Amino acid sequence: MTTASARQLVRRCLAEIAPDADVSGLAPDTPLRQALDLDSMDVLNLVAAIADDAGIEIPDRDVGGLKTLDDVAEYIAHVEVTR
Amino acid sequence: MPSLGADMVDGRLLGWHVRLGDVVKRGDIVATVDTEKAEIDIETFEPGVVAQLLVEPGTKVPVGAVLAILSADGAAADAPRQEVVEPEAEPLSKPELVTASQPEPVAAHPSKPVAAAEPRSPDGGPRVSPLARRVAADLGVDLTAVRGSGPRGAITRVDVERAAATSPGRVADAASHRSASDRSASLREAVGALMARSKREIPHYHLARDIDLTVALGWLEEHNRDRPPAQRVLAAALLLKAAALSAHDVPEVNGAFQDGTFRPAARVNLGVAVSLRTGGVIAPAILGADELTLAELMQALHEVTARARRGVLRGSDLAGATLTVTSLGEQGADLVHGVIFPPQVALVGFGRIVQRPWAVDGMVGARPAITATLAGDHRVSEGHRGSLYLASLDHHLQEPDQL
């Protein structure tokens, strides 16, 4: 998976877990939690949605370090490449 | 029409989820009602057969009005199957079906605890992904009736969508919904009125205590390490469980002040303040939070948060919180001076978790810490008892494996 397609996947998952947030206008390098007003439950839902959609389970210890859309997209793309 | 909060006087029926002759069991959603705060799915407390629907969708009725009549015994419950066998039989208003037993009004009590109603916990039985759970909530799918096709029988979103497509699903609402801006304004008004009443009637006192979360977060990290997302526990759940258990030590924080007296509650129905991205706050209750395992509490938190965000709560969510917690979360401020939800007598507040300088054995180091606050009602307790509550909270959070 390329970073671009991973980015699409993350956007899709974000739209699922926070339908009331404006995902389309989200810049790839903006901190997600602040921009979309995500709380820890939203972030856990995002991680679960990514696991459902892409089969990639991001370990809990890595979740905190993923701040932006591109952080998550690059993480997913990297896992895809190495497995 | 159930009372879904101390401030509710009436509600507008949006639609029925049952038809005449439908067999309902305890906890089934029978109707959706519109209130100032949210749309509420009303559950039935009694099993039976739907004998009469007395209120038309779109009608506003006062709290306490009878919405429907159920006939209550098992004989009547066989009726719909009979009807399938004899397709030319009269429609379900047949008198013998509805008078087979003493009809009883639909009891609008809060139903059993959310997590107890859901037999599967993340630690036993089939797994359900949070996404599948959310989709099930959106589509009104009963997860106990869904067969999982994922790893180890896990129920996935696809399973839920398939189940939704092949089941009768939700009955279409006959009455119109509020627009998003109407909903936001009416919620704001309802919250404002309730908080004004609180500030007018309740002599608040406020306390704060900083709590070291090194042990709790370390335990949580270990707990979550090898678990899939669906089984992970959030720090918020630890805080809620500790808040519920501490109410056993200081019962003066748990209950209702009504008609000039404090009525302590036997169990802890924990209100959880959920802020909505569209503005406003709503506080659905996790019933019997003190008796739930951490996994069950986490699941219940997940469900009530999803329903609050979706703007469609359940009757049991809004009836009967005995103590409320507001947790500001990662994006929040360090400390919250809470306002008590009447008729409750206390509100527990948590700021965000931050690394702070913390002295241990004469040495200062950085530790993850949180400021816990208590807003108490001076008619029921005072600073000393409130302080004991916060001390108990601290104590419970130092023993996370006991939560």
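Everything quoted here is computed from the prediction, not taken from an experiment.
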Donor-acceptor pair between N45(A) and H302(B) side chains, under 3.5 angstrom: yes
Heavy-atom pair count under 4.5 Å with chain B, highest-scoring of V47(A), V43(A), D52(A): D52(A)
Donor-acceptor contact below 3.5 Å, side chain R61(A) vs main chain E221(B): no
Region of L301(B) that comes under 4.5 Å of a non-hydrogen atom in chain A: both
Region of A51(A) in contact with chain B, defined by heavy-atom distances below 4.5 Å: side chain
Salt bridge present between D317(B) and K37(B) (N-O < 4.0 angstrom): no
Donor-acceptor side-chain pairing of D212(B) and T214(B) below 3.5 angstrom: yes
Contact origin within I50(A) toward chain B - heavy atom pairs under 4.5 Å: neither
R33(A) portion near chain B, given a 4.5 angstrom heavy-atom threshold: both
Steps toward salt bridge (Lys or Arg N to Asp or Glu O under 4.0 Å) verdict (R225(B), D60(A)): CA-CA 6 Å; R225(B) 188 185 304 279; D60(A) 209 27; over 6 Å; no
